[in-house]
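First the structure, in the form of structure tokens, and then the observations on it.
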Amino acid sequence: METERKIAIFGLGFVGLPLALSFALRGCRVTGVDVDEKLVSDLNRGITYHLESYRGTPIQEILKEQLETGRFRATTDPDPALASCNDIIVTVGVPVTNGIPDLNPVKAAATAIGRGLRPGQLVLIRSTLTPGTTRRVLQPILESSGLKAEADFFLAYAAERIAEGRAFEEFENMPTVVSGVGPRSLQRAREVLGIATRAELVEASSIEVGETAKVLENIARDVDIALVNEFARFTKALGIDIFEVVKVANTHTRVNLLLPGPGVGGYCVPNALYYLLPRALEFNLNLRIFPVARQINDEAPVHAAGLVLKNLPVPPNQAKVAVFGIAMKDYSNDDRLSPAHTVIKVLQTAGVQVKAFDPAVPTRYPFSAASLEEALRGAHGIVVLARQRDLDYQNLAFFRELMSKERPFIVDTRNIYDRATVEKAGFRLETL
Ligand SMILES: NC(=O)c1ccc[n+]([C@@H]2O[C@H](COP(=O)([O-])OP(=O)(O)OC[C@H]3O[C@@H](n4cnc5c(N)ncnc54)[C@H](O)[C@@H]3O)[C@@H](O)[C@H]2O)c1
């Protein structure tokens with residue numbers, strides 16, 4: 001147990017909170033710093049909506065336990081945390097608006113850290129960044145403290161790779177790429193990362209390699225998903241099932257296709273291209289495949305909405321549709337950039353009344369249904385966009401009772417349903 005180590009973690013979101021608790025579980029004293037006052041106050045009262053668990057213990061219990069031991073607390077005030085910690089970890093994100101990455105939050109975090117930075121501290125950046133940001137943007141801000149990276153304080157980069165829902169397990173077991181501005185920074189980062197991970201720490205020869213590899217990893221998923229999403233258009237025209245085609249193709253030992261779906265959401269994959277483009281523009285590079293992949297995945301929810309509109313038995317302005325799953329992917333509570341938002345917007349713009357049910361997403365929207373019954377009552381059809389644990393997708397007789405008496409439809413973008421079962425229950429089934 002690392003009982004002497006004090007760590008300040010900036011950003012207490014999907015990455016920062018489970019990371020902070022991972023260090024606390026291993027004995028470190030962790031102060032989480034976040035600008036979101038409500039989040040900080042919720043966390044200090046033991047409230048979080050994340051769907052993480054570690055060895056069967058839900059994050060809610062881990063949070064309460066670590067608050068009780070005093071090994072974790074959250075604050076909006078960075079100064080006391082900086083005054084007493086050995087290591088500082090940054091997990092503040094880079095939001096993208098209209099294709100433009102906004103470095104202000106991460107710059108603001110670096111400015112706050114720079115004000116309180118002391119000799120001997122490590123600043124370990126774990127955010128996904130436009131390649132070059134750590135050295136070109138964050139290092140000068142940190143050095144405005146008067147301290148020099150590598151000589152007076154340590155500066156390193158190790159992109160976070162976890163998938164939401166598997167954070168604790170992946171902090172522990174996912175190989176992590178680490179790089180530093182110099183060998184001392186690298187060594188110190190290795191020491192700190194080694195507290196929470198037993199997986200390999202892969203050294204990158206420069207911070208730029210680490211930053212760029214992370215962007216590549218995310219863009220690779222975007223391209224891979226675009227590939228199968230585009231292929232789904234072909235298999236549908238051919239009258240065969242894309243999920244079966246992918247399954248069969250994946251029996252080739254060197255093929256590892258992903259699954260198609262209603263689009264790509266969340267913070268990481270859709271934003272990655274926009275972290276790359278500003279640098280490509282500086283070099284006058286015309287990158288072709290990545291923007292096309294992004295466009296295909298951006299169009300996927302519009303396509304899914306089109307499948308719904310095509311199946312409406314009444315004009316759209318007389319129709320009601322139940323959406324199952326607002327989350328950006330199966331079993332997630334995160335609906336940032338979720339394809340569901342586009343699907344719902346397209347349907348609403350066409351005049352359809354939409355009620356969406358997702359037992360895991362805490363945010364309430366005007367289209368949110370408080371219950372499954374509310375979503376289904378009088379609906380002409382269902383569109384399934386994400387799986388959730390607390391929703392019984394196979395309760396078809398119950399759905400049928402609540403829905404419009406005309407033969408309702410199900411648009412299944414997640415490959416949940418068996419055609420014969422659905423049709424026997426009195427539904428029409430539309431797949432990708
Ligand atoms: N979500 C994932 O699964 C995932 C996986 C791997 C990597 N990442 C990367 O990790 C980073 C964080 O992602 P996330 O999903 O946790 O984001 P998030 O939005 O859930 O969390 C970021 C937190 O930072 C806080 N914040 C903003 N400005 C701040 C400041 N100046 N000081 C302190 N806190 C501040 C926000 O209030 C928020 O709570 C991003 O760079 C993301 O690309 C995310």
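These numbers come from a predicted model, not from an experiment. Every number for a ligand or one of its atoms is a count from 1 in the order of the listing.
Under a 4.0 Å criterion applied to the non-hydrogen atoms of Ser127, ligand 1 contributes the atoms 41 (O). The contact set between ligand 1 and Leu39, taken as ligand atoms under 4.0 Å from a residue heavy atom, comprises 39 (O).
Nearest protein neighbour of atom 9 (C) of ligand 1, counting heavy atoms only, is Thr128 OG1, 3.6 Å. If you check which protein heavy atom lies closest to atom 18 (P) of ligand 1, you get Arg336 NH1, 3.3 Å.
Here the straight-line distance linking atom CG of Asp77 with atom CG of Leu82 works out to 9.0 Å at 0.5 Å rounding.
Between Val15 and ligand 1, an N or O atom pair is found at a separation short of 3.5 Å. At least one N or O atom of Asp34, backbone or side chain, sits closer than 3.5 Å to an N or O atom of ligand 1.
Counting only non-hydrogen atoms, the option in Lys214, Glu164, Lys38 that gets closest to atom 3 (O) of ligand 1 is Glu164.
A ring-centre distance under 6.0 Å is not found for Phe399 and Tyr393.
Looking at Phe14 against ligand 1, both its backbone and its side chain come within 4.0 Å, counting heavy atoms.
Ser84 places a side-chain N or O within 3.5 Å of a backbone atom of Pro80 that can act as its donor or acceptor partner.
The shortest side-chain heavy-atom distance between Glu172 and Arg26 falls under the 4.5 Å cut-off.
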